2 protein chains.
Amino acid sequence: MARLSERLGDLRASPVRAMLAASQQPEMISFAGGLPDADSFSDLDIPAPPRHLLQYGPSEGEADLRAHMAGELRALGIDTEADRVLILSGSQQGIDLVAKLAIDRGTGLAVESPSYLAALQVFRFFGASFQVLDRTDPAAGWAASPPAVAYVTPTFQNPTGSCWTAAERAGLAAACAAHEVILFEDDPYRDLVYDPCDRRPVCAGADGSWIHQGSFSKTVAPGLRLGFLTASPDLFPHLLALKQAADLHTNRFAQWSVLQILQHPGRAQRMARVVSAYRRKRDLFAEALDRELGGLARWEVPVGGLFFWVRLPASVDVEALHRRALARGVLFTPGDHFLTAPDPSAGGAMRLNFSAAPPDRAAEGLAILGALIREG
Amino acid sequence: MARLSERLGDLRASPVRAMLAASQQPEMISFAGGLPDADSFSDLDIPAPPRHLLQYGPSEGEADLRAHMAGELRALGIDTEADRVLILSGSQQGIDLVAKLAIDRGTGLAVESPSYLAALQVFRFFGASFQVLDRTDPAAGWAASPPAVAYVTPTFQNPTGSCWTAAERAGLAAACAAHEVILFEDDPYRDLVYDPCDRRPVCAGADGSWIHQGSFSKTVAPGLRLGFLTASPDLFPHLLALKQAADLHTNRFAQWSVLQILQHPGRAQRMARVVSAYRRKRDLFAEALDRELGGLARWEVPVGGLFFWVRLPASVDVEALHRRALARGVLFTPGDHFLTAPDPSAGGAMRLNFSAAPPDRAAEGLAILGALIREG
């Protein structure tokens with residue numbers, strides 16, 4: 001028997017991967033995963049990149065893409081420069097790098113519960129001891145036992161879709177600075193905004209040590225696997241060294257292609273069209289939810305992002321519902337996957353992605369879920 | 001002050017990254033890094049990939065590329081199938097995944113010294129305790145204290161360029177099986193072969209737990225960041241879960257493009273041309289070495305790969321030589337970077353890459369190194 005690492009015992013079977021695989025079956029109505037609508041990129045004009053990019057490149061990323069992103073980040077109020085932008089092989093990689101940066105076995109990490117499941121998975125794998133973060137009182141308990149890192153997705157939180165208020169953002173930034181906690185803001189959904197709300201990055205007001213990361217998976221295309229981060233000057237050199245150790249550097253064709261798309265004169269108009277299409281899908285999904293699950297479950301209509309978080313009464317066995325739905329060709333993500341520690345006494349939840357399935361198929365899927373819940 | 005992980009103290013400043021950056025200065029004569037000759041891919045015909053690959057894809061990699069690689073690996077004698085091929089974001093990523101799989105702080109890892117420096121860096125970062133592997137007696141000391149993993153690059157070893165004999169390969173496979181040591185064979189240089197030699201993968205004869213990985217960086221192009229691994233059935237599911245946690249999946253355009261190149265009818269002829277060009281560069285480099293460093297240093301002409309390993313007498317201060325050479329516009333990698341534990345009493349060494357610099361520039365650079373060594 002091979003001797004495996006202690007931490008491997010913490011690597012749970014990956015729900016994301018399994019769901020990505022299941023959701024690629026064409027007959028499946030998938031509310032799982034976070035698949036963007038393929039219509040949002042099917043007409044992208046991706047020109048042929050120059051051949052010199054076939055050679056090894058810098059671990060930091062391509063200079064012109066870094067400069068462009070520094071400009072976008074500064075426009076959001078984040079104090080950065082091109083030299084402190086790191087291009088990632090998707091923003092999932094940023095989570096791996098931050099875990100390596102700060103997490104040993106038993107290290108405290110503050111996180112909302114529910115939170116992005118693949119982040120919990122990585123932090124758990126590195127041995128993090130979770131402290132549940134209350135956004136209305138983030139520093140509760142920190143005086144006695146400050147975590148090393150606070151991980152948050154304040155803008156269209158995954159899975160709940162909620163958006164932190166300005167006061168909550170300022171409170172977290174101040175708490176992190178006061179307690180010397182690394183503020184790690186994961187921000188992949190920022191541009192998918194459907195209603196007015198406060199979106200100023202928490203890192204825009206941060207003193208101390210902070211990392212802000214974003215993704216091109218929702219605004220350009222996920223198959224290119226491209227993300228980016230910026231960080232306070234004390235952390236950036238470590239993150240860069242960790243990136244080099246992880247995969248030397250990110251695919252250069254993808255970096256070049258995404259920069260062309262970002263700089264295209266039609267970019268703003270294109271994003272407006274994409275957002276408008278998502279807003280319409282969200283609205284149709286909300287209508288179908290009202291129709292099919294009204295009175296059976298509770299939810300709030302998200303102001304941005306790709307998900308509805310649907311709470312179910314404690315009488316519903318969510319794991320059983322998941323299995324029965326799958327047998328009927330409907331896939332969703334059980335809420336427990338997003339919790340730091342599942343609580344059987346609380347009601348369960350489902351995360352429903354509204355962007356991947358066409359509206360008529362989504363309505364069909366929700367009708368099936370409603371019927372299954374009623375059947376009990 | 002941010003609280004950083006214990007293991008971060010083991011993350012040395014990255015010589016690879018620094019050298020990649022320095023080697024991109026056009027006036028520099030670089031023998032550092034492992035840059036392939038850009039001529040070997042400058043004329044590659046990379047067609048435009050289909051748009052549906054812009055969506056998220058499977059963590060395992062694209063099915064058709066996995067099937068193709070399974071065929072190539074079986075042709076080498078490795079017992080595998082498409083379901084046990086994992087596409088990587090470059091083979092550096094495979095090292096990170098294997099470290100996560102098996103290395104805790106203090107875990108024993110057997111490795112030749114010298115070995116690939118960025119592998120040592122990753123294993124060190126995860127806390128490995130190195131046991132120096134003697135290829136003529138690999139199990140020495142294993143009865144008392146077997147390592148969890150043996151990491152080797154038997155085919156055109158990096159940095160020495162040497163190729164293990166059939167007996168050495170069989171000996172390692174048997175030792176790993178007998179002592180339940182995970183055999184990790186890193187095989188990026190296999191196809192860059194200039195003289196007859198035994199290249200049957202060690203994993204082709206392996207019982208027990210094993211991982212074999214390869215790269216497209218030397219045979220297609222490094223900027224695409226594409227590698228692959230296969231593993232014994234007990235290890236593969238863990239490696240797949242770790243891949244998903246690291247970056248969800250690898251860039252799909254790169255996977256598609258590389259498969260087109262591998263399946264191109266002109267592929268074999270093209271590789272023969274590339275190898276022949278490298279062979280000629282190696283020969284010219286060997287001649288220049290004889291001329292400029294004859295009597296000053298010792299080396300063997302490598303039968304494959306991209307490097308000469310040049311041993312210097314103990315009287316030469318290699319770090320000082322490195323600084324002085326850099327000031328004269330010549331870059332090489334000091335041998336100490338490849339050692340598990342530098343030994344000041346032994347003579348030093350330089351790793352010289354012969355593939356990146358044009359032959360006349362390489363000769364110029366070697367003349368400068370010769371002059372600097374003579375100056376003392």
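Source: prediction; values computed, not measured. When reading the values below, keep in mind they use all heavy atoms of this one structure, side chains included, and skip hydrogens, waters and symmetry mates.
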- Message: Please evaluate residues A:F126 and B:R7 with respect to the criterion side-chain contact (heavy atoms from CB on, under 4.5 Å), reporting the C-alpha separation (whole Å), side-chain torsions for both, the decisive distance (0.1 Å), and the verdict.
- Response: CA-CA 11 Å; A:F126 278 90; B:R7 77 179 72 80; 3.7 Å; yes

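Among the candidates B:H179, B:K100, B:Q255, the residue making the largest number of heavy-atom pairs closer than 4.5 Å to chain A is B:K100. Note: A:I103 leads A:V122, A:I103, A:L53, A:L226 in heavy-atom pairs under 4.5 Å with chain B. For the set B:S89, B:G208, B:S232, B:A246, the count of heavy-atom pairs under 4.5 angstrom toward chain A peaks at B:A246. Counting heavy-atom pairs closer than 4.5 Å to chain B, the top-ranked of the candidates A:T107, A:L44, A:V149, A:I95 is A:L44. Per-residue counts of heavy-atom pairs under 4.5 Å with chain A were compared for B:G227, B:A102, B:A254, B:A221; the largest is that of B:A102. Here A:P36 is the residue among A:A119, A:S40, A:P49, A:P36 with the most heavy-atom pairs under 4.5 Å with chain B.
The contact between B:T250 and chain A is made entirely by backbone atoms, counting heavy-atom distances below 4.5 Å. Using a 4.5 Å cut-off between heavy atoms, A:V220 makes no contact with chain B at all. With a 4.5 angstrom heavy-atom cutoff, A:A48 does not touch chain B via any of its atoms. Contact of A:L224 with chain B is made through backbone and side chain together, with heavy-atom distances under 4.5 Å. Residue A:L101 touches chain B through both its backbone and its side chain, counting heavy-atom pairs closer than 4.5 Å. Only the side chain of A:L235 comes within less than 4.5 Å of a heavy atom of chain B; its backbone N, CA, C and O stay farther away. Proximity to chain B (any heavy atom under 4.5 Å) is restricted, for A:A99, to the backbone atoms N, CA, C and O. Using a 4.5 Å cut-off between heavy atoms, A:N251 touches chain B through backbone and side chain atoms alike. Using a 4.5 Å cut-off between heavy atoms, B:L4 contacts chain A through both its backbone and its side chain. For A:D234, the part sitting under 4.5 Å from any heavy atom of chain B is the side chain, from C-beta outward, and nothing else. Residue A:S5 touches chain B through both its backbone and its side chain, counting heavy-atom pairs closer than 4.5 Å. Residue B:P146 touches chain A through both its backbone and its side chain, counting heavy-atom pairs closer than 4.5 Å. Using a 4.5 Å cut-off between heavy atoms, B:V181 contacts chain A through both its backbone and its side chain.
Considering A:R3, A:R105, A:E6 in turn, A:E6 is the only one that fulfils the side-chain contact (heavy atoms from CB on, under 4.5 Å) rule with B:D104. Across B:R252, B:H249, B:R225, a single residue satisfies side-chain contact (heavy atoms from CB on, under 4.5 Å) together with A:R225, and that is B:H249.
Here the straight-line distance linking atom CG of B:L88 with atom CG of A:D247 works out to 10.5 Å at 0.5 Å rounding. Separation of atoms CG (A:L248) and OG (B:S91) is listed at 8.0 Å; rounding is to 0.5 Å.
Heavy atoms only, all atoms of each residue included: A:Q92 and B:Q244 are closest at CG-O, 4.0 Å. When all heavy atoms of A:S217 and B:Y56 are compared, the pair lying nearest together is CB-OH, 3.5 Å.
Between A:L8 and B:L242 the shortest side-chain heavy-atom distance falls below 4.5 Å.
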